[in-house]
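Following: one structure in structure tokens, then a few remarks.
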Amino acid sequence: MSHVTSLKLVLVGKAGAGKSSAGNTILGKEEFTAGFSFNAVTTECQRGEGEVDRRTVTVVDTPGVADLHVSVEDAKDRVAECFPMSAPGPDAFLLVIKLGLFTPEEKQAADVIQEVFGAAALKHTIVLFTHGDQLENPDDLETSVKKCDELTILLDKVRWRYHVFNNKIDDRTQVIELLNKIDQMVGERGRYTRELFQKADEKRKQKQEKERLRREEEELRQEWYEKPELRILLIGKSTASNRIASKIILEERFQYPDTEGCQKINGEVLGRRVSVVETPGLSDACRKSEKEIMHEILSCICLTSPGPHAFVIVERSREESAERKNILKLTEDAFGGQPLYVIFLAIEKR
């Protein structure tokens with residue numbers, strides 16, 4: 001088996017898994033800050049380089065996944081920043097897992113590799129178990145692993161490529177064995193490429209944007225629920241048009257009385273109480289004077305007490321028309337030219 005002349009490795013794992021110590025063990029020197037801390041020691045991507053087994057090895061240490069001080073999405077963004085440090089692409093992702101209980105945080109670290117670098121990254125991943133000094137029987141690790149269903153599923157995804165490190169001893173054999181396993185994987189799978197990362201990064205950002213819009217919609221919906229009753233005044237050329245608009249807004253069918261004049265209808269839209277007040281159609285009131293029509297409109301407004309939140313002008317077309325101008329002028333005259341919140345609702349002919 002031929003050796004790759006230079007290797008680029010990316011360490012990924014939860015905070016406290018021993019990534020930095022593993023990086024130091026691989027390079028044979030104290031390149032990364034490691035040690036016990038209540039906070040994550042590595043908070044941004046770091047790059048170290050050294051000569052190992054007569055070849056250049058570059059190790060990129062990423063911030064710990066599941067750090068309580070940052071969100072999962074922020075953690076993914078930080079991990080993604082490591083790619084330029086391993087250009088033109090890493091030869092291997094080393095998923096660092098501390099031997100012991102396989103927690104949701106370890107599983108999340110495994111998911112981050114797939115979400116940040118794509119499913120293809122698993123073809124270039126080796127699980128690196130740390131704290132090998134805790135193993136009573138190092139040769140029987142596989143038996144212990146198979147007792148954990150979730151860990152077994154993870155190792156199935158990476159074709160059971162794993163290695164064990166004891167960072168407490170100065171044994172370069174364990175490093176050489178790891179590099180040999182990486183050589184074999186590279187020979188079979190090649191190198192993880194920029195094109196694969198760009199594809200995965202675009203997909204991840206689209207997912208992030210979709211989630212951002214979902215959260216924003218949920219916030220707006222919650223804000224909508226918590227607000228008081230919404231009051232709408234409909235003004236249109238015909239009574240029929242106003243009634244169609246009411247049905248559209250409230251998504252209900254109503255039994256209207258035979259009497260002419262203002263109609264107030266209460267309903268619920270997306271969990272919020274909405275009241276719609278219909279004014280008589282202006283064309284239906286054509287025999288009345290402008291003063292009488294204005295009196296009708298003002299009478300309808302009383303039904304929206306303490307006042308409408310919006311005036312909805314109902315039209316038969318989206319095009320600006322003389323009808324629209326007349327209704328706007330009438331509305332402005334009725335309120336003395338005060339600024340109004342006006343919406344145009346077009347009910348197009350079919």
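All values below come from the heavy atoms of this structure, side chains included, with hydrogens, waters and symmetry mates left out.
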CA sep, side-chain torsions, deciding dist, call: D171, N166, side-chain contact (heavy atoms from CB on, under 4.5 Å): CA-CA 8 Å; D171 179 9; N166 182 351; over 6 Å; no
Test log, rule side-chain contact (heavy atoms from CB on, under 4.5 Å), inputs K107 and L154: CA-CA 8 Å; K107 183 178 184 301; L154 170 61; over 6 Å; no
Evaluate the salt bridge (Lys or Arg N to Asp or Glu O under 4.0 Å) criterion for residues R191 and D91: first the C-alpha distance (whole Å), next the side-chain angles of each, then the deciding distance (0.1 Å), finally the verdict. CA-CA 5 Å; R191 171 181 283 162; D91 296 287; 3.1 Å; yes
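Remark: side-chain polar atoms of R189 are not paired, donor with acceptor, to backbone N or O of H124 under 3.5 angstrom. Remark: the backbone N or O of K123 is not paired with any side-chain donor or acceptor of R159 at under 3.5 angstrom. K181 places a side-chain N or O within donor-acceptor distance of the main-chain N or O of Y162, the cut-off being under 3.5 Å. H163 contributes no side-chain N or O that, together with a main-chain N or O of L128, makes up a donor-acceptor pair within less than 3.5 Å. A distance-only check finds no donor-acceptor pair linking the side chain of E81 to the backbone of C45 [under 3.5 Å]. Although no hydrogens or angles enter the test, the distance criterion places a donor-acceptor pair under 3.5 Å between the side chain of T62 and the main chain of L11. Side chain of R272 to backbone of P228: a donor-acceptor contact under 3.5 angstrom is found. Counting only distance, with no hydrogens or angles, the side chain of S246 and the backbone of N242 share a donor-acceptor pair below 3.5 Å. Between the side chain of K14 and the main chain of I97, no donor-acceptor pair closer than 3.5 Å is present. Under a 3.5 Å cut-off, the side chain of T279 and the backbone N or O of L234 do form a donor-acceptor pair.
Taking hydrophobic clusters as Ile, Leu, Val, Met, Phe, Trp and Tyr residues chained together by side-chain heavy-atom distances below 4.5 Å, L270 shares a cluster with V312. Put simply, I153 and I113 are part of two different groups of oily side chains (I, L, V, M, F, W, Y) that touch within less than 4.5 Å, one to the next.
For residues 88-109, the pairs satisfying ring-ring contact (aromatic ring centres under 6.0 Å, His included) are F93-F117, F93-Y192, with sequence neighbours left out.
Interatomic distance, CG of D201 versus CD of Q198, reported as 8.5 Å (0.5 Å rounding). Remark: K264 NZ to C300 SG distance equals 12.0 Å, nearest 0.5 Å. Here L7 contributes atom CG and L178 contributes atom CG; the two are 9.0 Å apart, rounded to the nearest 0.5 Å. Expressed to the nearest 0.5 Å, how far CG of L94 lies from NZ of K19 amounts to 11.5 Å. Taken from CG in N24 to NZ in K29, the straight-line distance is 10.0 Å, to the nearest 0.5 Å.
T56 is not listed as a side-chain neighbour of T5, based on a closest heavy-atom distance of 4.5 Å or more.
The residues K207 and E211 are annotated as not salt-bridged, no charged nitrogen and carboxylate oxygen being separated by less than 4.0 angstrom. D74 has no carboxylate O lying under 4.0 Å from a charged side-chain N of R78, or vice versa, which leaves the two without a salt bridge.
With sequence neighbours left out, Q208 forms a side chain to side chain contact (heavy atoms under 4.5 Å, CB included) with E73, D77, R204, K205.
The environment of NZ in K199 is sparse: at most 12 heavy-atom neighbours from other residues, nucleotides or ligands sit within 6.0 Å. Surrounding NZ of K98 are at most 12 heavy atoms belonging to other residues, nucleotides or ligands under 6.0 Å away.
For F129 and H131, the gap between ring centers reaches or exceeds 6.0 Å.
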